[in-house]
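What you see is a predicted model; the values in this text were computed from it and never measured. Order of the sequence lines sets the chain letters (A, B, ...), proteins ahead of strands, with each chain counted from 1. Atom set for the values below is all heavy atoms of this structure, side chains included, hydrogens, waters and symmetry mates excluded.
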There are 2 protein chains.
Amino acid sequence: MILDDLDARAAALDARHAQTDLRDRFLLPDGVVYLDGNSLGALPVGVPEAIESVVREQWGRDLIGSWNTHGWWDAPVRVGDAIGRLIGAAPGQVVVGDSTSVRLHQSLHAAAALRPGRGVVLTEPGSFPTDEYVVAGVAAQVGWRVEHATPAEIPARLGSEVAVVVLSHVDYRTGELLDLPGITAAAHDAGALVVWDLCHSAGALPVGLDAHDVDLAVGCGYKYLNGGPGAPAYGYVAARHQDAFVNVLPGWNGHAEPFAMAEGYVGAAGVARARIGTPPMLSLLALEAALRAFDGMTIEEVRARSLSLTSFLRDAIATVVPDADFASPQDDRRRGSQVALRHPDAYGIVQALAARGVVGDFRTPDLVRLGVAAPYLTHADLVAAVRALREVLRHDEHLDPAWTTRNVVT
Amino acid sequence: MILDDLDARAAALDARHAQTDLRDRFLLPDGVVYLDGNSLGALPVGVPEAIESVVREQWGRDLIGSWNTHGWWDAPVRVGDAIGRLIGAAPGQVVVGDSTSVRLHQSLHAAAALRPGRGVVLTEPGSFPTDEYVVAGVAAQVGWRVEHATPAEIPARLGSEVAVVVLSHVDYRTGELLDLPGITAAAHDAGALVVWDLCHSAGALPVGLDAHDVDLAVGCGYKYLNGGPGAPAYGYVAARHQDAFVNVLPGWNGHAEPFAMAEGYVGAAGVARARIGTPPMLSLLALEAALRAFDGMTIEEVRARSLSLTSFLRDAIATVVPDADFASPQDDRRRGSQVALRHPDAYGIVQALAARGVVGDFRTPDLVRLGVAAPYLTHADLVAAVRALREVLRHDEHLDPAWTTRNVVT
């Protein structure tokens with residue numbers, strides 16, 4: 001019996017990867033296999049207490065003084081440094097706060113100021129919608145023409161007109177991992193800058209921002225970083241660009257002397273000049289507490305575990321769905337940390353799986369997206385998920401008329 | 001003995017205003033008189049439990065499904081409606097998320113689109129710095145000239161060139177309350193729009209946005225609204241402007257069909273088109289829980305209590321500092337909800353008061369700023385504060401060399 005074989009293989013792999021099993025650092029409900037950590041990461045065990053303390057002791061008891069005594073003021077750069085460790089950025093280059101949309105808008109304007117006289121922004125068709133919308137919006141403001149090319153075509157499309165290349169490191173639908181080092185180098189050879197969106201890679205795999213000379217990057221805090229719903233986003237500004245970084249959103253938090261209440265705007269030194277307004281401290285400090293779930297682990301270790309899990313998941317799915325149409329690359333070097341399947345009844349499959357305690361998500365029009373957050377998943381969990389998938393398909397649960405109304409908010 | 005007289009007067013006033021004493025709806029440390037609610041409001045009693053539930057049950061247990069089942073997706077407009085009740089906005093005109101700086105930037109761009117062909121933004125000198133910086137930044141982008149005028153001069157400075165007037169409803173230093181109805185009407189007579197910054201008035205006094213035909217407004221959630229450190233800000237877009245509202249920050253949350261993941265940006269109907277990216281849910285839901293502290297109270301009742309308190313505080317200060325130089329207006333109609341004193345040793349006074357448990361704040365160069373959040377303060381608290389002030393001045397505690405290093409973050 002095929003699934004029994006998978007059980008045995010899973011047990012062996014879980015034993016081999018036992019040192020990177022961080023399941024006990026997360027609070028997850030019993031009976032749930034959570035394959036949506038690429039949309040909202042699970043709750044790290046230290047967060048509830050940390051937030052209780054922030055609320056009752058810092059806000060409630062120490063009140064306004066907490067901006068100094070509890071390090072609130074410095075939190076955007078301090079938490080930025082903690083994220084920096086996971087994305088290959090040395091301290092002082094990452095700032096946390098605002099949403100990915102706002103950070104991307106800010107980064108693109110900064111790129112325009114760094115590359116005056118170039119009139120093209122180059123991106124791929126099928127980026128995450130917010131990236132498309134923000135790129136189009138900034139392009140209209142600064143006078144750029146938006147050009148689209150597939151990642152493979154990009155090197156050939158670069159030229160003296162391209163100011164900036166904007167790409168997602170990992171495709172949100174297929175999970176395809178782009179060649180960040182190669183595309184970045186090609187862009188630089190053509191005199192262009194790169195802005196990478198790390199939403200689907202940060203916390204899941206090595207990014208190496210400094211090592212690959214990335215210029216600017218943005219990402220959210222709530223997926224593989226497990227920062228909680230709507231956790232603040234972050235922006236990376238390579239040290240070499242900081243002096244010339246123009247902040248299109250010059251809120252007082254990014255001022256060189258914020259408490260001088262001076263009339264004219266003078267940006268702070270370092271990455272702090274990318275700060276905007278007052279950040280949402282409860283959400284920001286929840287993110288800080290969440291990042292401790294990675295303590296003692298390198299991102300390379302997370303990646304090794306993730307590759308074992310996604311590779312195994314792919315194999316396991318193929319055993320119960322022999323004609324599975326995988327949207328995610330088979331090649332380890334090109335796969336992020338998710339496995340996506342194309343299926344005409346994808347929506348129904350996701351709903352029917354959820355009814356069985358296997359939480360993935362649907363992406364229009366036909367994707368079953370299974371995110372693999374390596375720290376809290378085991379190979380055995382994935383067998384449980386595949387067993388549920390087999391039952392769903394065997395009993396046509398995905399065709400249940402209850403799933404005809406599409407109303408997924410994820 | 002003068003202070004004994006004050007005690008008696010305070011007791012009488014507290015008895016008269018007993019019905020609006022909401023102190024038991026807040027968690028404040030014993031022995032502290034908190035006069036900084038205009039910088040960071042106190043912790044409402046229902047917030048810790050609400051956030052514990054959001055963290056453990058919504059995020060931790062119900063995970064991604066909470067976007068639907070716990071109303072996360074609709075929270076920006078739902079919480080906006082709750083704020084709307086306090087600022088005189090009918091439902092469907094206020095959206096919560098992002099910082100005041102971002103909301104102001106967005107509102108000014110929307111105003112520019114609503115008033116094409118007009119080349120001036122009119123504001124006052126001495127606005128809160130972030131407003132100055134953001135006004136200058138947007139002006140540079142859209143080609144406006146920035147003109148400054150005192151609030152009294154503004155009606156005479158209006159003309160066919162002015163696109164928008166941007167003002168703080170209450171001055172963050174002096175606590176002066178501007179004539180919002182009069183200035184708004186004058187601006188409209190000249191064909192201009194108004195953008196009001198409500199940071200220092202929302203939750204403290206009636207604003208009447210709808211009643212006075214305000215066009216656009218912004219404000220923060222963490223002062224008199226008590227939403228917690230860095231609580232999300234909000235934006236008001238009058239219903240009549242929503243169809244033509246251009247969102248300069250077109251993140252996917254403001255799209256008409258956010259889950260269609262469509263290529264082109266099409267703004268949602270109503271105020272939801274002012275949404276940007278994913279909002280920080282922990283901070284946003286803390287704000288929602290905090291607003292329940294106002295349940296059963298009208299903003300007019302809050303204002304009546306506030307005026308009694310600030311008027312009494314002024315009188316009480318005058319009894320112990322006969323030559324007090326008040327920066328705040330004496331006239332009730334022109335005073336917000338704070339009392340500010342000019343003093344060459346303002347910094348030392350604020351520090352020495354804090355050492356005695358009376359928390360106010362310093363504003364450069366010479367202001368002692370005492371914020372009066374009416375719901376959780378009594379007249380007796382204010383006598384305690386003034387008693388401490390008398391002791392500070394009598395013993396020259398404000399001249400202590402310990403206060404020579406200015407390092408206030410508030």
*Asks:* Can you tell which part of A:Asn226 gets under 4.5 Å to a heavy atom of chain B, answering side chain, backbone, both or neither?
*Replies:* backbone
*Asks:* Tell me, yes or no, whether the heavy-atom count around A:Glu263 atom CD, taken from other residues, nucleotides or ligands under 6.0 Å, exceeds 12.
*Replies:* no
*Asks:* Between B:Tyr34 and chain A, with a heavy-atom cut-off of 4.5 Å, which part of the residue counts as in contact: side chain, backbone, both or neither?
*Replies:*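 For B:Tyr34, side-chain heavy atoms alone lie under 4.5 Å from chain A.
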*Asks:* What residue in A:Gly97, A:Gly254, A:Cys220, A:Ser99 has the most heavy-atom pairs under 4.5 Å with chain B?
*Replies:* A:Ser99
*Asks:* Could you have a look at B:Ala260, B:Gly264, B:Ala286 and say which one has the most heavy-atom pairs with chain A under 4.5 angstrom?
*Replies:* B:Gly264
*Asks:* Contact part of A:Phe128 toward chain B, heavy-atom cut-off under 4.5 Å: side chain, backbone, both or neither?
*Replies:*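 Only the side chain of A:Phe128 comes within 4.5 Å of chain B.
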*Asks:* At a heavy-atom distance under 4.5 Å, which candidate from B:Pro229, B:Gly277, B:Ala136 has the highest pair count against chain A?
*Replies:* B:Pro229
*Asks:* For B:Pro48, is it the side chain, the backbone, both, or neither that has a heavy atom closer than 4.5 Å to a heavy atom of chain A?
*Replies:* both
*Asks:* If you round to the nearest 0.5 Å, how far is CG of A:Asp62 from CG of B:Leu40?
*Replies:* 11.0 Å
*Asks:* Distance from A:Met261 atom CE to B:Thr130 atom OG1, nearest 0.5 Å?
*Replies:*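 It comes to 9.5 Å.
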*Asks:* Counting only heavy atoms closer than 4.5 Å, note whether B:Ala233 contacts chain A via side chain, backbone, both or neither.
*Replies:* neither
*Asks:* Given the options A:Ala42, A:Ser127, A:Gly37, which has more heavy-atom pairs under 4.5 Å with chain B than any of the others?
*Replies:*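 If we count pairs closer than 4.5 Å to chain B, A:Ala42 comes out on top.
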*Asks:* In Å, rounded to the nearest 0.5 Å, how long is the span from CD of B:Glu52 to CD of A:Glu49?
*Replies:*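 Here the interatomic distance stands at 9.5 Å.
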*Asks:* So for A:Ser283, is it side chain, backbone, both, or neither that comes closer than 4.5 Å to the heavy atoms of chain B?
*Replies:*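 Both backbone and side chain.
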*Asks:* About how many Å separate CZ of A:Arg61 and CG of B:Asp30, when rounded to the nearest 0.5 Å?
*Replies:*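 If I round to the nearest 0.5 Å, the distance is 12.5 Å.
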*Asks:* For A:Val248, is it the side chain, the backbone, both or neither that has a heavy atom under 4.5 Å from a heavy atom of chain B?
*Replies:*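 Both the backbone and the side chain of A:Val248 come within 4.5 Å of chain B.
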*Asks:* Among A:Pro258, A:Ala140, A:Gly251, single out the residue with the greatest number of heavy-atom pairs under 4.5 Å to chain B.
*Replies:*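 Between A:Pro258, A:Ala140, A:Gly251, the count favours A:Gly251.
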*Asks:* Under a 4.5 Å heavy-atom cutoff, which of A:Pro44, A:Ala354, A:Gly227 has the most pairs with chain B?
*Replies:*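 Counting heavy-atom pairs under 4.5 Å, the top option is A:Gly227.
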*Asks:* Could you have a look at B:Val55, B:Val54, B:Leu104, B:Val134 and say which one has the most heavy-atom pairs with chain A under 4.5 angstrom?
*Replies:*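 Result: the option with the highest number of such pairs is B:Val55.
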*Asks:* Return the CG to CD1 distance between A:Leu35 and B:Ile64, rounded to the nearest 0.5 Å.
*Replies:*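 A:Leu35 CG to B:Ile64 CD1: 12.5 Å, rounded to 0.5 Å.
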*Asks:* At a heavy-atom distance under 4.5 Å, which candidate from A:Pro232, A:Ala262, A:Gly137, A:Ala231 has the highest pair count against chain B?
*Replies:* A:Ala262
*Asks:* Could you look at B:Thr278 and say if it's the side chain, the backbone, both or neither that has a heavy atom under 4.5 Å from chain A?
*Replies:* both
*Asks:* Once salt bridge (Lys or Arg N to Asp or Glu O under 4.0 Å) is applied, what residue pairs with a partner in residues 129-141 of chain A remain, sequence neighbours excluded?
*Replies:* none
*Asks:* Working to the nearest 0.5 angstrom, can you tell me the gap between A:Leu282 CG and B:Tyr222 OH?
*Replies:* 13.5 Å
*Asks:* Check whether A:Leu27 gets within reach of chain B through its side chain, its backbone, both or neither, counting any heavy atom under 4.5 Å.
*Replies:* both
*Asks:* Suppose we screen for salt bridge (Lys or Arg N to Asp or Glu O under 4.0 Å). Which residues come up paired with A:Glu288, at least two apart in sequence or across chains?
*Replies:* A:Arg78
*Asks:* Relative to each other, are the rings of B:His255 and A:Tyr133 parallel, tilted or perpendicular (30° and 60° limits)?
*Replies:* parallel
*Asks:* Tell me which one of A:Leu43, A:Leu28, A:Val359 satisfies side-chain contact (heavy atoms from CB on, under 4.5 Å) with B:Leu63.
*Replies:*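 Only match with B:Leu63 under side-chain contact (heavy atoms from CB on, under 4.5 Å): A:Leu28.
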